[in-house]
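First the structure, in the form of structure tokens, and then the observations on it.
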Amino acid sequence: MLGPTFFSRSAEIVAPALLGCVIRRKLDDVWLGVLIVETEAYGLNDPASHAFLGRTPSREPMWMNPGTIYMYHSRGGASLNISCDSGPAAVLIKAGIPITDDISPTKALAVMHKNNPSPDKTIQRPTKRLCSGQALLCRALRLSVPEWSGKAFDRKRLYIEARAAPPPIIATARLGIRSDRDDGRQTRFIHGTLAHAATSDPRTRRASTPGIDYVELPPSTSL
DNA sequence: CCAAAGATGCGCT
DNA sequence: GCGCATCTTTGGG
């Protein structure tokens, strides 16, 4: 289980290091498993960070011990973040892909589909789209702001497992930030071989130039 | 009231 | 597959 040591580094280091790690969430005695494929870093002196808007009770987790869960609502959905550094800083878990293995049984997929049904109830979401957004992921894992914000991870109910091997990584600009609050840093990170489950892949976009709009990084064992 | 680290459907290439 | 309009829910000014 990842703990304070892992999260005590800067958000810009922690965010890419989370790609490929697995979130485990126990619901009704079933362990759900989601592999992280997309994250964003909200670091120190960052005008896009919620910390920049001021210290309030709901944002307090950004100042708490590294590894503290920070959740908030935006535009109808909840978002999962984790405090980093000595604060105020956090990483946002932006997308993941459901997995099954020794810990998470096939049944876990059915639970996630039930938690996060398609708007058109006559069909099911594709499994790879079940967690392809920060609010979708929270819905599929049934993570709510009042239950989890300000709390620590808990080996019995919710934790993040270290990854087996470091993946290739794409670094690019963050999404959904008002231009007057974005200083242009490329601190959105996408799993290089599982980008099809991310919110979007800058490599397949029309107007995007390699080396300018995004950077591809080889697997780094130092992360 | 209203902006906010979004999601979706629809029309288009 | 993209760009845009429209719907979303909640904490905070």
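Throughout, a chain's letter reflects where its sequence line sits, starting with A, and its residues are numbered from 1. What you see is a predicted model, and the numbers here were worked out from it, not measured in a lab.
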Shorter than 3.5 Å, N or O on both sides, protein versus nucleotides 7-9 of chain B: list them out with atom names.
residue: B:dA7; atom: OP1; partner: A:Gln134; partner atom: N; Å: 3.3
residue: B:dA7; atom: OP1; partner: A:Ala135; partner atom: N; Å: 3.1
residue: B:dT8; atom: OP1; partner: A:Arg125; partner atom: NH1; Å: 2.7
residue: B:dT8; atom: OP1; partner: A:Arg125; partner atom: NH2; Å: 3.0

Can you check nucleotides 11-13 of chain C for protein contacts, nitrogen or oxygen pairs under 3.5 Å, and list what you find?
residue: C:dG11; atom: O3'; partner: A:Ser58; partner atom: OG; Å: 3.0
residue: C:dG12; atom: OP1; partner: A:Thr56; partner atom: OG1; Å: 2.9
residue: C:dG12; atom: OP1; partner: A:Ser58; partner atom: OG; Å: 2.0

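No donor-acceptor contact under 3.5 angstrom links the side chains of A:Arg205 and A:Ser200, judged on distance only. Of the N and O atoms on the side chains of A:Glu40 and A:Tyr42, at least one donor lies less than 3.5 Å from an acceptor on the other residue. For the 3.5 Å distance criterion, the side chains of A:Ser118 and A:Gln124 fail to qualify, holding no donor opposite an acceptor. For the residue pair A:Thr172/A:Arg203, the side-chain donor-acceptor check at 3.5 Å is not satisfied.
With respect to the salt-bridge test (charged N to carboxylate O, under 4.0 angstrom), the residues A:Lys156 and A:Asp154 do not qualify. A salt bridge links A:Glu147 to A:Arg157: at least one charged side-chain nitrogen sits closer than 4.0 Å to a carboxylate oxygen. Contact check on A:Asp46 versus A:Arg181 returns no salt bridge, with no Lys/Arg side-chain nitrogen under 4.0 Å from an Asp/Glu carboxylate oxygen.
Rounded to an integer number of Å, the gap from A:Asn81 CG to B:dG6 P is 10 Å. Between the CE atom of A:Met71 and the P atom of C:dT10 there is a distance of 12 Å, rounded to whole Å. C:dC2 atom C1' lies 14 Å from atom CG of A:Asp201, rounded to whole Å. Across the protein-nucleic acid pair, A:Leu175 atom CG and B:dA4 atom P stand 16 Å apart, rounded to whole Å. For A:Leu92 and B:dA4, the CG to P distance is 16 Å, given to the nearest whole Å. In this entry the distance linking CG of A:Asp180 with P of B:dA3 reads 12 Å, nearest Å.
Contact between A:Ile97 and A:His196 at its shortest, heavy atoms only, is CD1-NE2, 3.9 Å.
For the ring-ring contact (aromatic ring centres under 6.0 Å, His included) test, no residue two or more places apart in sequence or in another chain qualifies with A:Trp148.
Interface residues of residues 82-91 of chain A facing DNA chain B, ordered by number: none; criterion, heavy-atom separation under 4.0 Å.
Using a 4.0 Å heavy-atom distance criterion, A:Arg129 is classed as making no nucleic acid contact. Across all strands shown, A:Ala48 has heavy atoms under 4.0 Å from base atoms, whether or not it also approaches the sugar-phosphate.
For A:Ser149 (side chain) and A:Pro146 (main-chain N/O), no donor-acceptor pair under 3.5 Å exists by modelled atom type.
Rounding to the nearest 0.5 Å places CG of A:Leu141 at 8.5 Å from CG of A:Leu130. With rounding to the nearest 0.5 angstrom, the CD atom of A:Glu161 is 11.0 Å from the CD1 atom of A:Ile23.
Within the structure, side chain to side chain donor-acceptor pair (under 3.5 Å) contacts touching residues 82-94 of chain A (residues at least two apart or in different chains) are A:Lys94-A:Gln134.
For A:Arg205 and C:dG1, the shortest distance from a side-chain N or O to OP1 or OP2 is not below 4.0 Å.
Between A:Phe7 and A:Phe153, the angle of the ring planes stays under 30°, which puts this pair in the parallel group of the 30/60° scheme.
Every stem involving DNA chain B, taken as at least 3 paired positions in a row under the Watson-Crick or G-U wobble test at 3.5 Å, is listed here: B:1-4 with C:9-12, B:6-12 with C:1-7.
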